[in-house]
Amino acid sequence: MDGGLEHPAACHMLDVAAVAEVLLREGTPDLPSDRRDLFCLLIALHDLGKIGAQFRAMLRAGLKQNARHWQVTEAWLREEAMEDLLCERLGGTYLALRPLVAAIAGHHGGPPRDTAESQWRMRLDAGQAAAQDARCFVAACFDLWPRASLAGINEAEAMILSWRLSGLTVVADWVGSNPDWFPAAEPPTSAATYLAETRLRAAYAVEKAGLVASVPSATRLFDFALRAMQEAAASIPLRDGPTLAIIEDETGAGKTEAALLLAQRMLLASKGRGLYLALPTMATADAMFRRARDVARRIFVTPPSLTLAHGRAGLSVEFREVMARSGWSEDVICGPWLADSRRRALLADVGVGTIDQALLGILPTRFATLRIHALASKILIVDEVHELGNPYLATELETLLRLHAMGGGSAILLTATLPLEQRARLSRAFEEGAGRAFVEDMDPAYPVLSIPGGAAKRSFPDTVSPKGPVKIARLGSIDEGVALIAQASASGAACVWVRNAVDDAIASVEALRAAGVEADLLHARYAFADRKRIEAAALAAFGPEGGRRRNDGRGKVIVSTQVLEMSLDYDFDVMVSDLAPVAALIQRAGRLWRHMVRRPAAGRPVPAPVLHVVAPDPDRPADTRWLAEVQPRGAWVYELAEQWRTAEVLFRAGEIVAPGGLRALIEAVHGDDRVPVPDTLAAAEEVALGDAYAEAGLARMNIVKIAAGYRDGGGAADDRDYPTRLGQETRALLLTRRAPSGLVPWVEGESRAEAELLSEVSARATQFRDLALPDQSAPEIAAFTEGWPDWKRVNLTVCPVEEGGAICEGLRYDGNLGLLFQPRGRGDEP
DNA sequence: AATAAAAAAAAA
């Protein structure tokens, strides 16, 4: 038998190369055929390191190998004689070869990093016979992919290609390692006959895995009459090559549908083979998944695969339903192979998930290149881009767009309130990634649909939201807020008070109660189950079908924090809010008088929508204590200069006019020629600016170094060492209760894992500093955590909750108020 | 002194 094929690893390598062949044909953007053959040839060598005495010894006797087989793969391919052979046969230089070799060798999550000396040692350990076998196998592969060529690839291009090749290798390996699809067989008679056979298996396997891209359909997506922005998306001329489209319009203008219309046209123009819809939170991703189901089916000719990708995707009832029905559904499907891991979820025809799932691809984390590869063939749709405006996230997003464009991908960005400068930075990253000159577009038109380097639609019929402008009124104190809500609620108005800090929100609930007003409380410091319950109750009160009034006829009242800004479909008659940056206030104001068709102005208990902002007078001499007097805790949440500037601009404007007036408000606070702050706040602004630079710098440190290629620019760190978001450290508690059988999760779930997820509550780590949390080695807790992986034990503190809610001195939990930190020395009284 | 947000097993 020729070519070292008697070695079991040889068949596996050909299996994996055959899978890669099918994937390149069926699932990734087009690559010239000589590049495809080059990729297949190299991928066929990915497990070359298994050919060797050490690996055999490990398999037979369980001996420990000094180096892992994937490291040895690179060692063989970097051997001088081998490198010469490869360069000669492939018609290229070792400068182009080496980055690609590292890409296929590093298929276990990270790139190989061994020195020439240790690679020499690996070859020595493997033995002479192995060297002979390896060379034979490589020679046989040349004949299998005769068109493979390095011609025209220089070092810089090889660096760029290395990212995608690495990801492709991983996917091919995962598919090709499945024994159901590639059962062990007798050694074949020749490499060529074996490859011919296994190509059939590969085609079947790729289909079974759900990786054959569905064919896009030109079917009309929506049966309603398109609105202006949607019409624009359906008709704007697309440009050649990788395309970025930016849709800027107010909340509720139908941007998602516009993006889907545009995405469908991009698919039909072969700018991608699928979609990934990236959202800022898990909750918004869940909501998008619900909406995407029907339309996803219509975008494709055959039932497409549809996945939900985020940390708690398993809790989504809709996603579970799609998985359960995927064996026979004519609708959308998600087979077991795709559903098996979050990383794989990105490979589906239509993926919906958090932006973080995509961002992990540009951080040097384990299997990051799999994410890059999966996204490369997708139209990347990023929703609520304005939520990703902090320097760390923004820098990550720029990098993602740059890399996506480099790989030939297209993208659509959706936003309500993006500063022009931010829009320019994202556009620049994409255009530069696509290898084009960037022409800055500072046209302030709004709403707008623009394609950098291409067409733009800037004139829309002059529409004003049906509710008319939202008036701005200032309240000088908390007491005024209490009085206003008490009075409005008495007249039957549905009321909300948005506060910046959880403890301030709790204080407001107490103040309202003292004034005879009962209010619910919604923030993020609840066990997941309680938060879900309170959100559902709020939806029943303030949602489209909401009851809005209590039995006694008074309007329902809720006090909340920033969680309210996140796409929850509430409608309030009256809103009071702490001063917050203008973009946040615009989002909050979007929850005022939202459902005008169901609830026209005439039926409302107040004459007009007004946003009452609790803030000090911006004309009053402002110092660093300016805000703290009305917001004892919340004053620290946002940057002070931004807060003052918002007050100055918003109170002077006196109203929010959407959509026409939004751009001017945003630019006056965030733009290049923003309003200057008083001298007394200049120092605070300097500090904040410094912090922002530091954050962006940290992001640049953390992200993968694209130009350095996968070997030197990537990594295999634990995800937690390279967070997708910065923030103060938090600590997660797993609440439990005592049952006859021992500790059980605080709430029930369909499975133990689900019950645990639902019983988690997090808060800032510093708040626990002086608390004596339960000893985790106590017998009842040790019994509860038995069998947990280490990372889980490190990250979760199991806390038994007593009958009255006490956890330990100074800390208690209340299902309606959340996790409560109490002043010390007052015991457990509420 | 202080928000919300996300994330965690590989590939015989």
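Quick note on labels: first sequence line is chain A, next is B, and so on, each numbered from 1.
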TODO: Check for a donor-acceptor pair, side chain of Y276(A) on one end and backbone N or O of A358(A) on the other, with a separation under 3.5 Å.
DONE: no

Task: Nearest-Å distance for atom pair CZ/P, residues R342(A) and dA10(B) - done: 12 Å

TODO: Using ring pair (Phe, Tyr, Trp, His ring centres under 6.0 Å) as the criterion, list what pairs up with F821(A), not counting sequence neighbours.
DONE: F768(A)

Open item on the list: Taking CZ in R625(A) as the centre, count heavy atoms belonging to other residues, nucleotides or ligands within less than 6.0 Å. Is the count above 12?
Closed with: no

Task: Charged N-O contact under 4.0 Å between R312(A) and E760(A) - done: yes

- [ ] Using whole Å, report how far CZ of R371(A) lies from C1' of dA10(B).
- [x] 14 Å

TODO: If a protein heavy atom is under 4.0 Å from the base, mark B; if only from the sugar-phosphate, S; if neither, -; do that for nucleotides 1-6 of chain B going 5' to 3'.
DONE: BBBSBB

Task: Between C1' of dA12(B) and CZ of R68(A), the distance in whole Å - done: 11 Å

Open item on the list: Does this structure show an ion pair linking E535(A) with K532(A), if we count only N-O contacts that are shorter than 4.0 Å?
Closed with: yes

- [ ] Please state how far atom CZ in F367(A) lies from atom C1' in dA8(B), giving the value in whole angstrom units.
- [x] 14 Å

Open item on the list: Between P on dA8(B) and CD on E756(A), what's the gap in Å once rounded to a whole number?
Closed with: 16 Å

TODO: Report which part of the nucleic acid N795(A) touches: base, sugar-phosphate, or nothing (heavy-atom distance under 4.0 Å, all strands).
DONE: base

Open item on the list: In this structure, how many angstroms lie between the P atom of dA10(B) and the CG atom of D340(A), rounded?
Closed with: 12 Å

- [ ] Taking ring pair (Phe, Tyr, Trp, His ring centres under 6.0 Å) as the test, write out the residues that go with H12(A), two or more places apart.
- [x] H46(A)

TODO: Quickly work out the L757(A) CG to dA8(B) C1' distance and round it to whole Å.
DONE: 12 Å

